[in-house]
Amino acid sequence: MEENIVRIQFPDGQVKEFPVGTTVAKVAEVISLSLRKNAEAGKVDNQIVDLSYELNRNASLSILTQDSEDGIHVLRHTSAHVLAQAVKRLYGNVKLGIGPVIEDGFYYDMKLEQSLNSDDLHAIEKEMEKVINGNFEIQRLEVSYDEAERLFEENDEPYKIEILKGLPKGEKITLYKQGEFIDLCRGPHLPSTGFIKAFKLTRVSGAYWRGDSDNDVLQRVYGVAFKNKKDLEQHLSFLEEAEKRDHRKLGKQLELFMFSEEAPGMPFYLPKGQIVRNELERFSREVQSSAYYDEVRTPFMMNQELWEKSGHWDHYHENMYFSEVDNTKFALKPMNCPGHMLIFKNNLYSYRDLPIRLAEFGQVHRHEYSGALNGLLRVRTFCQDDAHIFVRENQIESEIKQVFNLIDQVYRTFGFDYSVELSTRPEDSLGDDALWEISETALRNVLDTLNVDYQLNEGDGAFYGPKIDFHIKDALKRSHQCGTIQLDFQMPEKFDLTYVNEKNEKVRPVVIHRAIFGSIDRFFGILIEHFAGAFPLWLAPVQAQIIPVSKVHWDYCLSIQKELEKLGVRVKIDDRNEKLGYKIREAQMQKIPYMAVVGDNEVKEETINVREYGEQRSKSESFGDFKNKVVQQINERSL
RNA sequence: GCUUCCAUAGCUCAGUCGGUAGAGCACUUCCAUGGUAAGGAAGGGGUCGCAGGUUCAAAUCCUGUUGGAAGCUCCA
């Protein structure tokens with residue numbers, strides 16, 4: 001009797017008994033009819049299964065609806081199948097690759113004879129609608145390896161056969177069938193295609209079979225799918241917002257930077273963009289100098305021998321730029337470390353001198369693949385706010401803590417939330433076990449004493465030492481890796497760095513690499529998107545635009561401009577012969593923080609009429625008050 | 001680097017079936033002297049990314065190339 005019963009535990013802790021072989025769907029039905037209607041799949045002992053799954057042993061079970069992440073996962077997976085089915089219907093000779101779920105959606109890789117473009121996507125969407133409206137039941141089939149092989153040979157699906165060959169022999173192969181479409185798939189899937197309510201194909205691109213550039217190129221169609229239209233709309237408007245904020249577009253509109261064919265991947269900063277960069281550097285200098293960093297500057301180009309010594313030649317030369325002058329080979333620096341090592345070696349240091357903190361706004365060149373370039377976010381030359389800190393072993397922890405606080409201070413100034421990841425010793429690491437132990441412990445201790453939540457990436461550290469990475473979250477909740485703190489035992493070794501300890505012995509220091517912005521260029525790009533081009537006052541290229549109502553007010557405008565400029569405020573007067581509304585519009589489109597309108601009333605009363613960026617209304621205030629407010633906001637770097 | 005798509009005035013874009021180019025904004029000049037998101041008029045500006053090819057004729061079709069976008073790959 002016992003053997004005919006399975007005990008099923010539900011998420012709320014309740015246990016119920018069912019006959020052996022009861023399907024998940026049946027269980028859902030027993031719980032409630034509405035649950036049965038909305039059920040998409042089940043989760044048995046943490047494994048997602050179809051509704052048709054038969055319960056044969058005691059287990060925990062939750063019924064997945066579209067309201068759970070897992071349920072949406074299933075929905076997206078089925079969407080991928082529907083996509084493939086639609087493509088097969090529309091185009092002859094389609095060979096299926098794989099169709100997995102990705103963030104927000106899915107894709108399917110397929111080999112087609114013709115190449116798809118965005119117009120084709122609409123046609124495919126239409127066909128997908130037909131499949132969905134057909135509400136085909138999705139059947140799970142279990143077949144033997146041979147049967148599956150025969151089937152895919154009949155269907156002429158070479159990629160599927162290749163996948164099949166990689167599967168463990170002897171195990172049952174699962175296929176999923178909806179209408180005329182059948183696919184090799186682990187599943188699980190929705191009960192029927194009609195469950196898909198909201199999807200959209202987003203783009204098409206090429207992708208190699210199994211991600212290997214030696215293999216065939218397949219066409220990958222991307223789509224997004226959500227539980228309902230509302231979520232889909234929300235996602236699409238998020239994309240729209242992201243597009244509006246695209247730093248490449250805003251960079252052009254606001255005249256911040258440009259690119260030119262003459263130097264692919266290398267940004268040119270226009271006057272307004274350079275102001276922002278300078279402000280970023282100024283801020284960084286202030287913060288660093290109060291943390292006892294010494295700023296240095298090293299050559300852009302150093303001879304090849306140096307890079308051979310540092311190990312960059314071995315590990316990084318494919319990304320480096322070279323040049324030959326006077327029969328000597330030179331390389332443009334891709335990193336600043338070797339230069340800083342040479343500076344350290346220029347002196348004999350006592351243990352009392354450490355830590356030595358060398359900071360540089362170091363312009364580096366790295367040859368990135370042309371396809372990897374992306375505005376300021378991925379470039380071939382950029383400026384790192386780099387620093388190398390030379391410490392004694394027993395200083396590692398306190399120094400890391402100091403760097404951590406520095407980074408926290410900087411990110412908070414921009415209003416960034418951030419998350420932290422700790423990466424530990426990888427397999428192919430170099431260096432002394434004891435040193436690894438000490439430094440990993442140090443990093444952990446810092447994170448623990450500062451009470452920081454962090455993600456641990458076991459084995460993901462650099463081969464020369466463990467590291468802490470900082471990921472900032474921008475206004476659209478997108479995450480960007482920026483800051484990093486890395487310990488390095490290799491560089492001091494390679495450059496034979498030493499300091500003299502209490503016993504007058506030569507001892508090797510440990511090097512801490514650290515960057516806060518990471519790449520100033522990239523950070524700038526992130527800031528543009530984060531603020532949607534409307535920089536906080538201290539960063540704004542033009543902080544206040546003075547707008548005279550007419551020519552007769554120019555003198556007064558000039559006098560207040562002078563006064564503000566004396567205080568370091570960046571002020572422009574729009575003295576063009578245009579109407580007020582026109583000038584207000586221009587200033588708003590340039591996202592200038594303050595617009596100060598000056599007319600008869602203002603001249604008479606020594607006031608200005610101030611309108612802030614993004615506001616519909618303006619208010620009159622005394623020029624003196626405005627001046628003080630602006631200066632204070634700039635000095636405080638308020639947001 | 002690979003795949004696909006794209007490249008027309010400073011910017012955003014239109015240009016049908018192959019018949020050597022258009023709009024809006026911006027710019028210049030003139031009129032208007034104005035109170036919070038575009039006042040009016042006139043004018044200048046393009047070897048259609050570059051190099052070949054097909055054709056009586058190429059922005060348009062073909063090949064190559066440069067740059068860009070998306071994705072892949074890479075990121076000691």
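Quick note on labels: first sequence line is chain A, next is B, and so on, each numbered from 1. Excluded from the calculations below are hydrogen atoms, water molecules and symmetry mates; all remaining heavy atoms, backbone and side chain alike, are included.
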> Charged N to carboxylate O below 4.0 Å: is that the case for A:Lys95 and A:Glu157?
Replying inline: no

> Are A:Lys583 and B:rA38 close enough that a side-chain N or O sits under 4.0 Å from OP1 or OP2?
Replying inline: no

>> Looking at A:Ser370, I'd like to know whether one of its side-chain N or O atoms comes within less than 4.0 Å of OP1 or OP2 on B:rG1.
In response: yes

> If pairing requires Watson-Crick or G-U wobble contacts with both distances under 3.5 Å, which nucleotide is the partner of B:rA51?
Replying inline: B:rU63

>> Can you tell me if A:Arg203 touches the phosphate of B:rC72, counting only side-chain N or O atoms and a distance under 4.0 Å to OP1 or OP2?
In response: no

>> Counting only side-chain heavy atoms from C-beta out, which of B:rA76, B:rC27, B:rG71 sits nearest to A:Tyr464?
In response: B:rA76

> Between A:Arg89 and A:Glu127, is there a salt bridge with N-O shorter than 4.0 Å?
Replying inline: yes

> Can you tell me how far P of B:rU3 sits from CE of A:Met110, to the nearest Å?
Replying inline: 19 Å

> Do the side chain of A:Glu602 and the base of B:rG35 come within less than 3.5 angstrom through a donor-acceptor pair of N or O atoms?
Replying inline: yes

> Can you tell me if the side-chain N/O atoms of A:Arg220 get under 4.0 Å from OP1 or OP2 in B:rU4?
Replying inline: no

>> For a quick check of understanding: with a heavy-atom distance under 4.0 Å over all strands, which category does A:Asn601 fall into, base, sugar-phosphate or nothing?
In response: base

> Who is the Watson-Crick or G-U wobble partner of B:rG46, with both distances under 3.5 Å?
Replying inline: none

>> Can you tell me which nucleotide in B:rG39, B:rG67, B:rC72 comes closest to the side chain of A:Glu261?
In response: B:rG67

> Is the phosphate of B:rA26, meaning OP1 or OP2, less than 4.0 Å from a side-chain N or O of A:Tyr582?
Replying inline: yes

> In Watson-Crick or G-U wobble terms, both distances under 3.5 Å, what is the partner of B:rC25?
Replying inline: B:rG10

> Is there a donor on the side chain of A:Arg366 or the base of B:rA76 sitting less than 3.5 Å from an acceptor on the other?
Replying inline: no

>> Could you tell me the Watson-Crick or G-U partner of B:rC2, where both distances fall under 3.5 Å? Say none if there is no partner.
In response: B:rG71

> Between A:Asp488 and A:Val552, which is nearer to the 5' end of RNA chain B once each is assigned its nearest nucleotide?
Replying inline: A:Val552

> Salt bridge or not for A:Arg425 and A:Glu440, using N-O below 4.0 Å?
Replying inline: no

> With both distances under 3.5 angstrom, what nucleotide forms a Watson-Crick or G-U wobble pair with B:rG39?
Replying inline: B:rC31

> Is the base of B:rG34 touched by the side chain of A:Asn577 through a donor-acceptor pair closer than 3.5 angstrom?
Replying inline: yes

>> Is a donor from one side chain sitting under 3.5 angstrom from an acceptor on the other, for A:Ser419 and A:Gln455?
In response: no

> Contact class for A:Gly375 vs. all strands (heavy atom < 4.0 Å): base, sugar-phosphate, or nothing?
Replying inline: sugar-phosphate

> Is a side-chain donor-acceptor pair under 3.5 Å present for A:Tyr418 with A:Asp469?
Replying inline: no

> Paired with B:rC56 by Watson-Crick or G-U wobble geometry, both distances under 3.5 Å: which nucleotide is it?
Replying inline: B:rG19

> What nucleotide among B:rU33, B:rG35, B:rU36 has an atom nearest to a side-chain atom of A:Val549?
Replying inline: B:rG35

>> Need to verify one output field. Residue with the more 5' nearest nucleotide on RNA chain B, A:Asp600 or A:Asp246?
In response: A:Asp600

> Nearest to the side chain of A:Gln588 - B:rA37, B:rA70, B:rG67?
Replying inline: B:rA37

> Given B:rC75, is OP1 or OP2 found less than 4.0 Å from the side-chain N or O atoms of A:Arg378?
Replying inline: no

> Looking at A:Lys551 and A:Asp575, does any basic side-chain N land under 4.0 Å from a carboxylate oxygen?
Replying inline: no

>> Can you identify which nucleotide, out of B:rA70, B:rU36, B:rA76, has its nearest atom closest to the A:Tyr316 side chain?
In response: B:rA76

> Would you call A:Glu586 and A:Arg576 a salt bridge, using N to O less than 4.0 angstrom?
Replying inline: yes

> B:rG39 and B:rG24: how far apart are their P atoms, nearest whole angstrom?
Replying inline: 16 Å

> Between B:rG34, B:rA37, B:rU12, which nucleotide has the shortest distance from any of its atoms to the side chain of A:Arg585?
Replying inline: B:rA37

